[in-house]
Amino acid sequence: MADEEQHLLKCQSYQIPAPHSSTSLANSGSRKTSNNLFSGFQAWFSDHWQKLSDPKMAGGVFAVEASPTAAGSGGKITVAVFFTCLMAATGGLIFGYDIGISGGVTTMESFLKKFFPSVFRNMASAKQNVYCVYDSQLLTSFTSSLYIAGLVASLGAGKVTRAMGRRASMLLGGCTFLAGAAINGVAVNIVMLILGRILLGFGVGFTNQATPVYLSEMAPPKWRGAFNSGFQFFIGIGVVTANLINYGTARIHTWGWRLSLGLAAVPALIMTVAALFLPDTPSSLIQRGHTELAKETLRRARGSSADLDAEFEEFARACQASKVVTSPYQMILRRRYRPHLVMSVAIPFFQQMTGINVIAFYSPILFQTVGFGKDSSLMAAVILGLVNLASILVSTYVVDRYGRRILFLAGGAQMIICQVAVACVLAAKIGASGDMPLTKGDSLAVLILMCIYAAGFGWSWGPLSWLVPSEIFPLEIRPAGQSISVAINFVTTFVLAQTFLAMLCHFKYGSFLFYAGWIALMTAFVALFLPETKGIPLDAMNGVWKRHWYWGRFLADDDSNL
Ligand code: BGC
């Protein structure tokens, strides 16, 4: 109890130290207590950080107006915060690499021959219905075992992220992913293969939980959407890189797959090293009692000329509220958090029901299924990835200017049209029997439609499904809410990955109509239930729900029963 009171005291509103008058990050109290092996690196980085955040240094602060809704320094982008978030966003690389690599590896003959001989035999017998060649539960369990591990890890990550900080979870994620990549690269049997994937799953579980929260907390409120979309951007880079690697390694007949799987170590190293250099977020620091360090970090992130008192006071208030919450997973079930809980489940669930993952995992298989040759299938997957990447940049530009809702609605409409059109082409050309090959022109039409679909996802549900959950929760339930959201993402991905090839085999082109139906539903859901969150500081988000036509009733008795 005494500890709690002491902590609450620490959480009181402090004055932000005057520019340059404060102790350096490396000398601050909590810094000294850190016996982190890498504190030397961090000290180095923090010195550079300090210089970058000084507006007198060239380019110290980009001239961007603050939003009237953003507290204090909400609109300034310092070079320091830009690079910090860029480094943090590399957390998306490992997830993307895995998504891209599994699709290609599972079409490689040497891989299938070694681990999935029955699928290999199916492939060899050309008589199969084209929709059904790859329908094997064992093969899908290879892809989806990662998601079960990720699901468990993401729930645990909520606790680590709250107790030890966002950066600690990111580091843990990077290291476990590295171990998984090593085991997969040298796998000699299916047990090693699955064990490796479980470790990869732990890696993405931790990283996907912590990185979006890190980005949203560190970003200037006015540009939070753009900064957060960096995570999806790096997922996209991971996907494209992996597809290109598969394209090359598919030519190395006996061990190309090893290279594909083992090279997952590279993105893992990049993100782990990046995480080593990062400071934790001010919110997390203040929540864990490192008040001085939190002030210092905020000052550096926002620039020494910024007026930070308002933003810091919000943190301190949020910290007080969060301290009394000992069991966030129970807390989030309370009535006043109903909108948050619903969104933390609905958003990631709907994201997967766009069908993106089954297309991302299986795009090489899918393109082969609809008549592309083996090489052109992998290339088509690369093209899809590049389109997706470009569209994320569009989202980065638009999301803080025009808001989240418009992107959700426009992207949704675009995806529905494409899925229906793909279903029509397949129905007219291949038919339900699945034994008529597509002509070149038809295949091209499918590819173009898929690209338009990927663009629709890239500027809507892709980045926004990481952004929205990371920005709507109050501090006291933020890690728990994000954990739930990641867990739902993984469990839905798992179920879809496990069932998609069977579904393609049985529903044929109807699979695409199935996803179109879901996208229609989620677009209506956004229109009715998701309020606009653009430019609102994280700790002022409550008001958005209070004013909402539906969710308002859940927060009517707010403040009385935290
Ligand atoms: C999704 C993944 C998906 C990826 C595609 C992410 O936002 O969560 O499931 O594979 O985007 O780029």
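Everything quoted here is computed from the prediction, not taken from an experiment. All ligand and atom numbering here is 1-based and tracks the order in the structure.
Put simply, part of Ile99 is less than 4.0 Å from ligand 1, judged by heavy atoms.
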Could you go through the side chain to side chain donor-acceptor pair (under 3.5 Å) check for Thr492 and Gln352 one step at a time?
-> CA-CA 6 Å; Thr492 319; Gln352 293 307 315; over 6 Å; no
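Defined by atom type and a distance below 3.5 Å, a donor-acceptor pair is present between the side-chain atoms of Thr493 and Asn489. At a cut-off of 3.5 Å, with distance as the only test, no side-chain donor of Ser395 or Ser229 sits close to an acceptor on the other residue.
Which parts of ligand 1 touch Asn489 is read off a 4.0 Å heavy-atom cut-off, strictly below it: atoms 8 (O). The distance from ligand 1 to the heavy atoms of Gly462 drops below 4.0 Å at these ligand atoms: 7 (O). Ligand 1 places these atoms under 4.0 Å from at least one heavy atom of Phe95: 2 (C), 8 (O). Heavy-atom proximity to Trp466, at under 4.0 Å, picks out these atoms of ligand 1: 6 (C), 7 (O), 8 (O).
A tilted orientation is assigned to the rings of Phe111 and Phe115, their planes being inclined by 30° to 60°. Taking the six-membered ring where the residue is Trp, Phe350 and Trp518 present tilted rings, their angle falling between 30° and 60°.
Note that the CZ atom of Phe234 and the CG atom of Leu93 stand 6.0 Å from one another [nearest 0.5 Å].
By heavy-atom distance, the residue among Tyr147, Phe233, Phe457 lying nearest atom 5 (C) of ligand 1 is Phe457.
Taking any N or O of Gln351, backbone or side chain, at least one lies under 3.5 Å from an N or O belonging to ligand 1.
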